[in-house]
Every structure is written in C-alpha cells, then in structure tokens.
Amino acid sequence: MDLAAFTFDILLPALMQGLIITLQLIACSAPFGLAFGIAIAVGRQYGGGAISWLCKTFVFLIKGTPLLLLLFILYFGFPAIGITFTAFTASVVGFILCNAAYNAEYIRGALISIKDGQMIAAQALGMTRWQAIRHVVLPQALRRAIPGLSNEFIYLIKYSSLAYMITVIELSGAGKLVATKYFLYTESFAAVGIVYLVLVTITTVAVNILEKRVAIPGTTRGTTAAQL
Amino acid sequence: MNNDIVLRVEDIHKSFGDNEVLRGVSFDVRRGETKVFIGPSGTGKSTLLRCINQLTPPDRGRVWLDGEEVTNSGARINYFRQKIGMVFQNFFLFDHLTALKNVELALLKVRGMGKAEAREKALNELRQVGMEDWADHYPAELSGGQAQRVSIARALAMDPDVILFDEPTSALDPELTREVLEVMKKLAGEGMTMLVVTHEMGFACSVANEVLFMENGVVAEQGTPDQLLHDPQYTRMKDFIGRIDSRLGD
Amino acid sequence: MDVLLILIDWFPYLLSGIATTLGLVLSALGLGLLLGLPMALGQVYGSRPVRWVIGIYVWFFRGLPILVLLFLFWFGIFPMLGLGALPAFAVGAVVLGLRGAAYQSQIFRGAVQSIGEGQMIAARSLGMSRLTAIRSVILPQAMRIALPGWSNEYPNILTDSAVCYAIGVAELLTITSRMVTQTHITMPIYLAAAGIFIILNYGGLKVLHGLEKRIAIPGFGSGAV
C-alpha cells in the first residue's frame, strides 16, 4: 500500500473519528473547568475561614499531582471504593478538576489586582458584598485573566491526549492504533501532531481576537494572548 | 597642556531616517584639553559623542585617535573604545555587580588582567572618585551621584586617552550634580582629556578650554569661556545661555 | 495493616521509581537549559533565518502534547535514526528536555529582552566584544531575572514526567501501576503516589526558591518577569 492511500483511506478517517472524541472531551471539560475555577478563586479570595482553606487545599493538591495519576485514580481507583466512571467520564472529570485548579490561580491573581475602590464604590451604592463581586469585581477580573485562561484552554487541548492512557480512543489514541497496526509510526504520529498544531494555532488566533473584542478602553495593558 | 592632537573629528554626518542630526562636525582635541558642548536638546550633541566611539556609526566623516583611524576600524574598534572612555547620563552601571566589580569587569574581560591586579587598580580608581568606601555596594544601593562617580571610575580604569561625558549630571539633583562636577574638575586639573556635553554653564566657564555651541547639527559658534562671556560677537551662544539662566531662575 | 506491610515490602522498588522520576526531571531541566539559553540568545541577537528556525522549533514543541511527542520519538523518529536501541529512560529525558528547551527559551528570551539597552551600550563602550558583553553582562542578569519563571518549569516537567509511563519508563507512576496490578490494592497505593509527587513538587520548589534568595542582588530582579 502506498503512502497516499494509507494517508487518505486509513489514517485520516481514523484521525477524524479521534478528533471528534477529542473535541467532545474539550467541549465537556472547558465550560465546567472555567465555572469551577471561578468558584474556587472567589471562594479562596472572599470565602473566609474554612471555605478559603478548602479552595486553597484543592488547588495545592491538584497542582501537585500529575494529571495522568489523577486519571488513574478516577478510572482505576474509584471503582475500588464503589464509584465507577466510564473512561470518557473519568477523563472529563479529571480535566475539569485540573483545568479548574489552574484557572483558579489566574482568576485569583486578577481578583487581587482589582483595586479596593471598586468594591467600596459598589457597596456604597447599596450592593451587597456578593452583588459587588458578581457585578463589579468579577467582570473586570475575568477580562484581566483572559491571557492566562487562554493558556490553560490550550493546555487542555494538548492534555486531553492523556485520555488515551485510560482507553479513550481520542485523537492520539486513534493515531496510536493505526500506527501500531500498520507499523507506520513516524507518519501516523506526525499526522496526529499536525492536527494538534492546527487546533492549537487556530485557538491562539481565536483567543487573540476574543481578547481584543472584550477589551475595555483604557483597562488593558498591551498583554498578548495565549502563548502557543 | 601641549599641542599634540589626541583626537581628530572630521566632517561627521549622521541621519536617523529623514532626520539629519549631524551635518558636518569637525574639531581637534589636544591632549589635556576639556571641550564642552552646549546647545538646545536634539541638536546632536549626544549623537556626536556616540559617533566618536562608534556606538553609533556615522554615515560620513572620520575620527582619528592618536593618528589612527577609529572609523572603519573593524574589530579593532574594541581597542579604540578602551582608549575612549564614556560616561552616560543614566550611568548604565552593571546592575548585577558591586561598584568594585563594575570597575573590575572590563579589566578582567577586556584587558585580561589578573584578579589581584584588577582589584587593586579598581580600588585605586574608586579612590580617585571618592567611592572606595562603597566598593561592595550594588548600584541600587547608591545615590545617583555616587553611581555616576563609580561609572567615571569604570571609564578611568581603562586608562583612556580621552573620556566622553554625555550629560553626566542631567539625571541628578543639584547637590548630587555638585559632587560629580567636582570629580570632573579634579580630572581636568590632573590633565585628563575630556569632551563634555552638559547644560552646566558654571562648569563650562570654569573648566573648559573651549566651548562649542551646537545648533541644527553643526557647531554654530566656538570659543574660550572668556570670549563667550565678554566678546559681543557670540550672540547665539549668549542667547542660549540667557535662556538657560532664566529657566534656572524660576 | 496489610497495606502498610505491602508498602514497606515494595519500598525499595518505590524508591527506584522516585529516583527515576527525579532523573528524568533533572536531565530534562538540564537539557532544556543547555538548549533553551542559546535559543533565547539566538532569538534576540540572531539573524533573521536563525530567529525563524528557532521560532518554528518553539512552535512545534509547544504545540504538541507531550504524549504525542513521546510516541513520535519513541516509536518513530529515534528508530528511524537508527537509535531504536536507546532505553526508554533516555528517550523520555531527551523528549522532555527538547520540549523544556522550547518553553525555557521563551522564559530566557523575556528576561534578556527586559534588560535595558544601556547595559549593552556601557559594555561595548568599555571595549567589550558583543560576545563578551553577552556573557559577562547580559547573561548574568538575565539568568537572575529568569530564575523565578525557570523554577516554575520544575513542577511542569515533574508532572509531565509521569507521562513517560506511556513508553514504559520505570518512573514513579509506572512502578505505582505495577504495584496496583500485583497487589490489587488500588486507592491507598495511588494516594501514596500522589503524596510522593506532591512532596517532590513542593519540596523541589522550596529548594529552588531558596536558591533564588541565595543569588538575589539588592534592588535587582526582585519580582521581575
């Protein structure tokens, strides 16, 4: 079989199927990773006492543990204590936890950077503390956190490949199966790599555009978006 | 002072894009002489100094040091730069090194001196500028005047034939300015050859052998301090000095 | 109690896993430094083609997942180059190092670019060649400025090193998995492994932050980059 036939009849169709799973993994993880990340950052910053400590500990533990080990714990470990996930669910849960922990750090940094005056002014208008956070502080902080959050989103694209290690046949897994079956390793993994490069590059461009769109005049400091 | 020419600058031209900063500047510098350059900002005084040691290569014109051509000297420029010291408005001390190490560095890396010898020479230069007690302090721990004195010591350490001072006191408060000018006066008195770009007219009048007034990229007027103070023909220079004085009087 | 006994039983094995993990991380950090530093200088001071080639390298190694890079080099590129006999450890360390170089080069590049041009001008005015100025003036400052960012590469490489499990390097996660398979004790062993990773992670960071303090210079580089 020649390389062209292999590429177009076997490799690309397989990769497309894998890509769909990869996109599903990302689509299921990213929104929750962001929401959970915001919650943790706010909890850490404004929760006080036990809540603040819990949020801090969560970030500490997740950031200290390799994502792959976290996936193993979820997929192989949890059944031992009676909780069974499918491989896909375990992956999504792992990605959400990991993504949220890193996002929370960026958001917290942004929260800290918003001047006290904003909170005071909002409360002077009669807003509750929670309303002030929700309507005044967070909208500003999230814009500032966009470069960091974008980075984490790009990391999520790349680290979604680890789902293959707990049997989810996503993009990398699809490439691995074809490579092993046809003994065409370099070709297959190079093709997989190109698909990731395209994904990551498109995302970077999109994020740059997004960042310009949501910028508020006079509040952004010439930061460039996601590093590739 | 003798009459031997140590530095010859001939017809220097320099443009940045459409902006013609230097339009043919020539002069000779005798050994032991102090020449002071004054004039409105943006008239190419600092660029002129940088053209002399080729930090900014001129578009046209030539520079000679002790009869050897500095322009177009290729890799030998690093030799000439040792012989042409430079002191900057913002000091440019090496931020990661103590005062002593700032002075030592080029002795070790450029002159290839041994450690003990370099240290002794560096300490000696610091003593010259009254900074030996601060030898182990980092630039961030020094006042502007102290930093500038260290940077003078750094230039002195290379035993230069001439030192270029690029607005050495413009970044300093009046008291700090005084301590730097005093060091420069002392150097002039000891026979160091110096080219100084400055707005300090008091210094110019008391130390300079010649004052060059630059305007629009050329030397518009030049003469001794005595001439420019008393000779009625130096109108533009007088005008300019009058403007500086009235500004200082505010 | 059983679990504890088993853990003690496996302890030497576990230790070898930790040693392998640390070996991966240290060689990758070292290789990354060795390649990343010249790459950063090339990107700042190099000619256009040099900058272009380094840019492509960085784009490639930062755009691919570590898993795909490991597969590509372990199954594809190294065997193709006749290096199929390289042990998995070496391949893992090299791939982590090549990838680390891409990330580290950007940290060093930012540091070099943050140094005021006056430093170079002053160095050249004393008669230093460009190379001497870079080596004696620019690099010592850049390294200090870059150190905090560089330290943060350590936890990244540490957690990534676990992915070397995929090519069979006997690092901590691989050892852990073998223990789980053979003892049928899952959660306690996994959690123990997580604990070890966490200790390595924050312990290592503590050492690096200590180093930052040791080489700190008054008024210089504090909080930069």
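Keep in mind the model is a prediction, meaning the values are calculated, not measured. Throughout, a chain's letter reflects where its sequence line sits, starting with A, and its residues are numbered from 1.
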- Query: Would a 4.5 Å heavy-atom cut-off, applied to side chains only, mark B:N78 and C:R124 as touching?
  - Reply: yes

- Value for NE2 (B:H96) from OG (C:S136), rounded to nearest 0.5 Å, stands at 7.5 Å

- Message: Just so I understand: if I count every heavy-atom pair under 4.5 Å between each of B:R111, B:M158, B:R50, B:K109 and chain C, which residue has the most?
- Response: B:K109

- Between B:D95, B:V110, B:L97, B:L93, the one whose heavy-atom pairs under 4.5 Å with chain C are most numerous: B:D95

- What residue in B:L108, B:I84, B:V87, B:L55 has the most heavy-atom pairs under 4.5 Å with chain C? B:L55

- Item | From C:I217 atom CD1 to B:T98 atom OG1, the distance as rounded to the nearest 0.5 Å | 9.0 Å

- Query: Does any non-hydrogen side-chain atom of C:P140 lie less than 4.5 Å from one of B:F94?
  - Reply: no

- Item | Point-to-point distance, once rounded to the nearest 0.5 Å, from CE of C:M120 to CZ of B:F92 | 13.0 Å

- Item | Donor-acceptor pair, side chain of B:Q82 and main chain of C:M128, under 3.5 angstrom | no

- Enclosure of B:E120 CD (heavy-atom neighbours >12, cutoff 6.0 Å): no

- Within a reach of under 6.0 Å around CD of C:E117, are more than 12 heavy atoms found that belong to other residues, nucleotides or ligands? no

- Who among B:R81, B:Q54, B:H137 has the most heavy-atom pairs with chain C under 4.5 Å? B:R81

- C:S125 side, atom OG; B:F88 side, atom CZ - distance, nearest 0.5 Å: 3.5 Å

- Query: What part of B:R154 gets closer than 4.5 Å to chain C, counting heavy atoms only: side chain, backbone, both or neither?
  - Reply: both

- Item | chain B contact via C:S129 - side chain, backbone, both or neither, heavy atoms under 4.5 Å | both

